[in-house]
Q: 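First the structure, which I've put down as structure tokens, then a few questions once you've had a look.
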Protein chains: 2
Amino acid sequence: MTRERTIANRPLTPRGAVTKQRIIEAAAELIYLHGAENVSLDTVMDVTNTSKSQLYHYFANKQALIRDVIDLQTSRILAANASFLGALDSFVALRAWGDMIIAAFRASSGIGGCPIGSLASELSTQSEEARLQLRQSFSDWSNVIENGLRRMRQIGQLDSDTDVAAVAVAMVAAVQGGIILAKTSRETRPLELAIDMALAYVKRHASVVVG
Amino acid sequence: MTRERTIANRPLTPRGAVTKQRIIEAAAELIYLHGAENVSLDTVMDVTNTSKSQLYHYFANKQALIRDVIDLQTSRILAANASFLGALDSFVALRAWGDMIIAAFRASSGIGGCPIGSLASELSTQSEEARLQLRQSFSDWSNVIENGLRRMRQIGQLDSDTDVAAVAVAMVAAVQGGIILAKTSRETRPLELAIDMALAYVKRHASVVVG
DNA sequence: TCTGCAATGGACTGTCCAGTCCATTGCATT
DNA sequence: AATGCAATGGACTGGACAGTCCATTGCAGA
């Protein structure tokens, strides 16, 4: 054991933890609105009333801050999805999940899109570390969906041979693609159409005709 | 009529036109690989063996260059799609279209994704002009698909009440979303799954069961 | 061959920005 | 009260980059 400490496990007082969290949340908001490359540390400083020393006290560099932002956004998305899919038991409930996604997009006024989707598009080719982190985010997300579908399969709503993993990935793709078109056109309709497609893709495996 | 000329209609000698085109194509390649914000004019100069004066001789500013790059990439995508969808008459032909998309992604080694999709994600919230241009690109693209589907409907392969416009938009969304997941994971499978979903969504409207 | 303009060369400026460095302040433990 | 370290302040550096400016070169028509 050396006396050295990495920035990651640097001792944090409660006061410090609050400041760090405040920085992460503000950075998440800024990056969501403008993209990681378009948010300077100076802007983060202004918005959070912090100094450069504080940023470099709590984060090794900008990339480390982005890493924490991705973690935060991923956990938010997983939480929102899990609350709709954690006990998925009907196509009506699945529709409610789709409506939640659409409502979330509407709430952003058609700006920003998906917090991790935008970052994936921006960073996947720039930073291998970010790419792997975002791959995990997508994987976690599709797993939440997959578990919901699996439950529907267990209770007999879906055919027993339904490839829930494959369908879940396709559903995430539909959401991501729909959001890109929606934010480019500033209309909700492309996202609605994409989600309709995703839900129809699930219904195709319905054990009984449900609508 | 004033003597003033905008940069857009500045007289171009054949020699100048060649240089301008060379710049646009090189910039398109660089932007495809690294994103618009991550390509500096100095890099474009290096790659094309041009000087700063030349860039500003042929383009009003960086944004104007990006505009021409989007035009180029859009025309390439439309051409590739039209060659598969221009005389669409069967689900087999539609499958060939999907395979072309997958092959194009593979050819990029899983890097870069869709030239206009990446730009849409990056620029839609940064530049209103770029956003509108990219919205038109997506619209043109889905129109090509829509016309293909309409033809299939006309020849009786699809139900007469099929909403070809809606299905076409959903298909574009599937492709875009599939590409994001594919480039983030550096695997082709998410794109394949998304395209399977899109094709299934079309087949749902098949007049006769085709498999 | 002369003239005018397109084409090209390349230095220079102003700004933005990530990261460094040297402080001072505040708090908790002894 | 003294000590040590976390927390904070803020000036400074070096580099990147879009855009400007003043040239020189090349070519085509008169």
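Letters go in sequence order (proteins before strands), and every chain restarts at 1.
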Q: Can you name the residues that form a salt bridge (charged side-chain N to carboxylate O under 4.0 Å, His left out) with A:R15, not counting sequence neighbours?
A: none
Q: For the side chain of B:Y56, counting heavy atoms from C-beta on, which of C:dT20, D:dC27, D:dT20 is nearest?
A: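 Closest nucleotide among those given: D:dT20.
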Q: Could you tell me the separation between the CG atom of A:N61 and the C1' atom of C:dC17, rounded to a whole number of Å?
A: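 From A:N61 CG to C:dC17 C1': 14 Å.
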Q: Test for a donor-acceptor pair under 3.5 Å between the base of C:dA11 and the side chain of B:K52, counting only N and O atoms.
A: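 No pair found.
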Q: Is it the case that A:S121 and A:S118 place a side-chain donor and acceptor less than 3.5 Å from each other?
A: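 Result is no, nothing qualifies.
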Q: Please work out if A:V39 contacts a base, only the sugar-phosphate, or nothing of the nucleic acid, heavy-atom cut-off 4.0 Å.
A: sugar-phosphate
Q: Whole-Å distance between C:dT15 P and A:N38 CG?
A: 20 Å
Q: May I ask you to verify if any side-chain N or O of A:T19 is less than 4.0 angstrom from the OP1 or OP2 atom of D:dA7?
A: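 No, no such contact exists.
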Q: Counting only side-chain N and O atoms of B:Q54, is one of them less than 4.0 Å from OP1 or OP2 of C:dA7?
A: no
Q: Can you find a side chain N or O atom of B:Y58 that sits less than 4.0 Å from OP1 or OP2 on C:dA6?
A: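 No, because none of the side-chain N or O atoms of B:Y58 sits under 4.0 Å from OP1 or OP2 of C:dA6.
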Q: Which of these nucleotides, C:dA18, D:dA7, D:dG10, is closest to any side-chain atom of A:S53?
A: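 Closest of the options to the side chain of A:S53: D:dG10.
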Q: Under the 3.5 angstrom rule, does the side chain of A:S139 hit a backbone N or O of A:R135 as a donor-acceptor pair?
A: no
Q: C:dC16 C1' sits how many Å from B:K62 NZ, rounded?
A: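 Spelled out: NZ on B:K62 to C1' on C:dC16 is 14 Å.
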Q: Ignoring backbone atoms, establish whether A:T13 has a side-chain N or O less than 4.0 Å from OP1 or OP2 of D:dA7.
A: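 Looking at the OP1 and OP2 atoms of D:dA7, one of them is under 4.0 Å from a side-chain N or O of A:T13.
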Q: Quick one about B:E25 and B:Q21 (side-chain donor to acceptor, distance below 3.5 Å, no hydrogens or angles considered), yes or no?
A: yes
Q: When you get a sec, tell me which of D:dG9, C:dA18, C:dG26 is the closest nucleotide to the side chain of A:S51?
A: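 Given the options D:dG9, C:dA18, C:dG26, the side chain of A:S51 is closest to D:dG9.
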Q: Without decimals, in angstroms, what is the distance between B:Q63 CD and D:dG19 C1'?
A: 14 Å
Q: Between P on D:dG10 and CG on A:L55, what's the gap in Å once rounded to a whole number?
A: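 So the two atoms are 14 Å apart, to the nearest Å.
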Q: Return the nearest nucleotide to the side chain of B:L12; candidates are C:dA7, C:dG10, C:dA18.
A: C:dA7
Q: Please report, rounded to the nearest Å, how far the C1' atom of D:dA7 is from the CE atom of A:M45.
A: 15 Å
Q: In whole angstrom, what separates A:D42's CG from D:dC12's P?
A: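 About 15 Å, once rounded to whole Å.
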Q: For B:E37 and for B:R15, find the nucleotide of DNA chain D with the closest heavy atom, then tell me which residue's nucleotide is more 5'.
A: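 Its nucleotide being nearer the 5' end, the pick is B:E37.
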Q: So, A:D99 and A:R95, do they make that salt bridge, N to O below 4.0 Å?
A: yes
Q: Please report, rounded to the nearest Å, how far the P atom of D:dG9 is from the CD1 atom of A:I23.
A: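 Interatomic distance, CD1 of A:I23 to P of D:dG9: 10 Å.
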